[in-house]
Engineer: 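Below you'll find the structure I mean.
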Amino acid sequence: MHYVLGIDIGGSKIDARLFAVTGDLLDAAPAWQQVQETQQGKAAHARQVAALIEQASLQAQKAGGALQSAGIASPGRFDRQGAIKPGTNSNMGLKPSEFDGVVLKSLYLTALGRVMPLYVANDAQVMLAGMLERLLPSDVGAYLLGRQVALLGVGTGLGHAIARVDDAGEYHFITDGHASKLCMPVDDDDRLALHSVQHEADVVICPDGSVRAEDLMRGPVMAALAGVEDSRQMDMATPRHAAVVCFAGTYMGRLIAMIASGQSKDTVPANGWNQQDKDEAALTQLYLIGGGLGASPLGERMVMYAKAELSRLALPNIELWHVSGEDSTARAAALLGLRRQL
């Protein structure tokens, strides 16, 4: 029996799940799961991930099988060599810049002390892969063939990834999706509202008055604007809450329109897309909206407002799908580990 491990690294916890492989498919339920508090700092984090891999390998052996590969979903944006771009993974280190330039795959293999098939990817890319693995065999799968598809994962932050699906249903990622960190122009009244919650919700307002894109639609900012502790407490029957959802959806539409224009700038210019990346991102035809908040009924309303804004901006041909249901990022990471072996 072959096994594949999926690890989802979050700012507060790590979710590791081991799956048996039947044919070329993962079993529906994990054979073993471990959830731990995320250890901060390069050395402690590397030891923790290596220990989880060893534990999973032991569990596979106890079941009469072997661990074949592992897929790992991590925060941070990666360059073409697999190194974390500066300033994009500030929560895992003992200081904000500790993981800048780190190649996680090399870090983990060194701590493990042996070579094994290991796939490390941005967590938004892993989330998109999980969605595609679910959607491609479904009734809508044929519609995805030959298209460029992106994810906007709305939750505590905003995840973004882009993939091109070929006519055979295989897909590969395009650029390092980073819509969350683009500078977005905002209306004057909206900027004042964001100023009022800037310190409460860690909103980044740039010197030119533009706002970091994720701060226009992520959960903590929406909660602060709505006057609640958690975005899950928001109710569309409350006018103030409904106005915040409309605000977030409208700017989601504007963000997609900015990407489609091929013109954007990053809040950290050194991390920005080059023009080739901008042109490739602009070709995206379909956005899948998911994530903890994005997949919820509130997310569905955000999508409605985003579609209306795209129509107003004369971009009705860009499609948005609200993808309900919660996908396990750890399982999606295991799927990437499995695909690496097939």
Side-chain angles (χ1 to χ4, degrees), residues 7-16 36-53 70-113 118-128 151 153 155-162 173-184 201-207 210-215 218 220 264-278 280-281 329 333 336:
I7 300 178
D8 174 25
I9 298 171
S12 61
K13 65 181 179 69
I14 291 182
D15 181 10
Q36 299 179 356
E37 181 180 340
T38 303
Q39 298 298 303
Q40 292 186 312
K42 276 194 299 187
H45 175 68
R47 287 194 300 267
Q48 182 178 28
V49 172
L52 285 168
I53 293 172
I72 299 176
S74 170
R77 287 160 49 199
F78 301 85
D79 65 20
R80 298 185 190 279
Q81 287 71 47
I84 295 176
K85 291 187 174 182
T88 67
N89 189 341
S90 58
N91 295 326
M92 281 165 43
L94 295 173
K95 57 181 182 179
S97 61
E98 185 172 358
F99 278 83
D100 289 0
V102 172
V103 179
L104 289 178
K105 179 177 178 178
S106 299
L107 184 72
Y108 299 147
L109 289 175
T110 298
L112 190 61
L118 194 65
Y119 186 101
V120 182
N122 168 265
D123 49 6
Q125 288 188 340
V126 174
M127 187 183 297
L128 176 55
L151 160 78
T156 305
L158 179 69
H160 177 223
I162 311 170
F173 297 112
I174 303 298
T175 79
D176 72 326
H178 65 279
S180 61
K181 302 301 188 288
L182 297 182
C183 299
M184 286 284 295
D202 297 321
V203 175
V204 174
I205 299 177
C206 303
S210 62
V211 176
R212 184 175 60 179
E214 68 178 343
D215 294 329
R218 63 187 178 91
S264 61
K265 65 177 182 177
D266 197 283
T267 52
V268 179
N271 289 338
W273 274 328
N274 59 34
Q275 192 56 53
Q276 179 182 350
D277 290 334
K278 292 177 184 179
E280 285 191 322
T329 304
L336 282 183

Engineer: So Thr329 and Asp15, do their side chains get closer than 4.5 Å, heavy atoms only?
Structural biologist: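 In short, these two side chains do not touch, never coming nearer than 4.5 Å.
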Engineer: Side-chain contact test, heavy atoms from C-beta onward, threshold under 4.5 Å: evaluate it for Pro86 versus Val268 and give yes or no.
Structural biologist: no
Engineer: Apply the test side chain to side chain contact (heavy atoms under 4.5 Å, CB included) to residues Val103 and Phe78: give CA-CA distance (whole Å), side-chain angles for both, the deciding distance (0.1 Å), then the verdict.
Structural biologist: CA-CA 8 Å; Val103 179; Phe78 301 85; over 6 Å; no
Engineer: Return the NE2 to CG distance between His160 and Asn122, rounded to the nearest 0.5 Å.
Structural biologist: 10.5 Å
Engineer: I need the Ser180 OG to Arg212 CZ distance, nearest 0.5 Å.
Structural biologist: 7.5 Å
Engineer: Roughly how far, to the nearest 0.5 Å, is NZ of Lys265 from CG of Leu182?
Structural biologist: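 Those atoms lie 11.0 Å apart.
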Engineer: As an exercise, state the distance from CG of Asp100 to CD of Glu98, rounded to the nearest 0.5 Å.
Structural biologist: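 Here the rounded value is 9.5 Å.
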Engineer: Determine the minimum heavy-atom distance between Ala333 and Ala73, stating which atoms define it.
Structural biologist: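 So the minimum-distance heavy-atom pair works out to CB-N, 4.1 Å.
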Engineer: If you compare all heavy atoms of Met92 against all heavy atoms of Asn89, which two are closest, and at what distance to 0.1 Å?
Structural biologist: SD-ND2, 3.4 Å
Engineer: How close do Leu94 and Gly41 get, heavy atom to heavy atom, and via which atoms?
Structural biologist: CG-CA, 3.7 Å
Engineer: So do the side chains of Leu336 and Gln125 get within less than 4.5 Å of each other, counting heavy atoms only?
Structural biologist: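 No; the side chains remain at least 4.5 Å from each other.
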Engineer: Just by distance, with hydrogens left out, do His178 and Asn271 show a side-chain donor and acceptor under 3.5 Å apart?
Structural biologist: no
Engineer: With sequence neighbours excluded, tell me which residues meet ring pair (Phe, Tyr, Trp, His ring centres under 6.0 Å) with His45.
Structural biologist: Phe99, Tyr108
Engineer: Return yes when atom NZ of Lys278 has more than 12 non-hydrogen atoms of other residues, nucleotides or ligands closer than 6.0 Å, and no otherwise.
Structural biologist: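 Result for NZ/Lys278: enclosed.
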Engineer: Report the distance from atom CD1 of Ile14 to atom OG of Ser74, rounding to the nearest 0.5 Å.
Structural biologist: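 With rounding to 0.5 Å, CD1 (Ile14) is 9.0 Å from OG (Ser74).
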Engineer: Return the CG to CZ distance between Leu107 and Arg47, rounded to the nearest 0.5 Å.
Structural biologist: 10.5 Å
Engineer: How close do Ala201 and Pro220 get, heavy atom to heavy atom, and via which atoms?
Structural biologist: CB-O, 4.0 Å
Engineer: Determine the minimum heavy-atom distance between Ala179 and Ala213, stating which atoms define it.
Structural biologist: O-CB, 3.2 Å
Engineer: How about Leu118 and Ile53: do any of their side-chain heavy atoms sit closer than 4.5 Å?
Structural biologist: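 Result yes, sub-4.5 Å side-chain heavy-atom pair found.
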Engineer: Can you see which heavy atom on Cys183 is nearest to which on Ser210, and at what distance?
Structural biologist: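 Scanning both residues completely, I find the closest heavy atoms to be CB-OG, 3.5 Å.
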Engineer: Backbone N or O of Thr175 within a donor-acceptor pair of the Asp277 side chain at under 3.5 Å?
Structural biologist: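 Answer holds: no.
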Engineer: If you draw a 6.0 Å radius around CD in Glu37, do more than 12 non-hydrogen atoms from other residues or ligands fall strictly inside?
Structural biologist: no
Engineer: Dump the intermediate steps for salt bridge (charged side-chain N to carboxylate O under 4.0 Å, His left out) on Asp266 and Arg77, then the final yes or no.
Structural biologist: CA-CA 13 Å; Asp266 197 283; Arg77 287 160 49 199; 3.5 Å; yes
Engineer: Give the intermediate values and the outcome of side chain to side chain contact (heavy atoms under 4.5 Å, CB included) for residues Gln48 and Ile7.
Structural biologist: CA-CA 11 Å; Gln48 182 178 28; Ile7 300 178; over 6 Å; no
Engineer: Hey, does the side chain of Gln39 reach the backbone of Ala44 with a donor-acceptor pair shorter than 3.5 angstrom?
Structural biologist: no
Engineer: When you compare the side chain of Thr267 with that of Cys206, does any pair of heavy atoms fall below 4.5 Å?
Structural biologist: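 Answer yes - side chains close enough.
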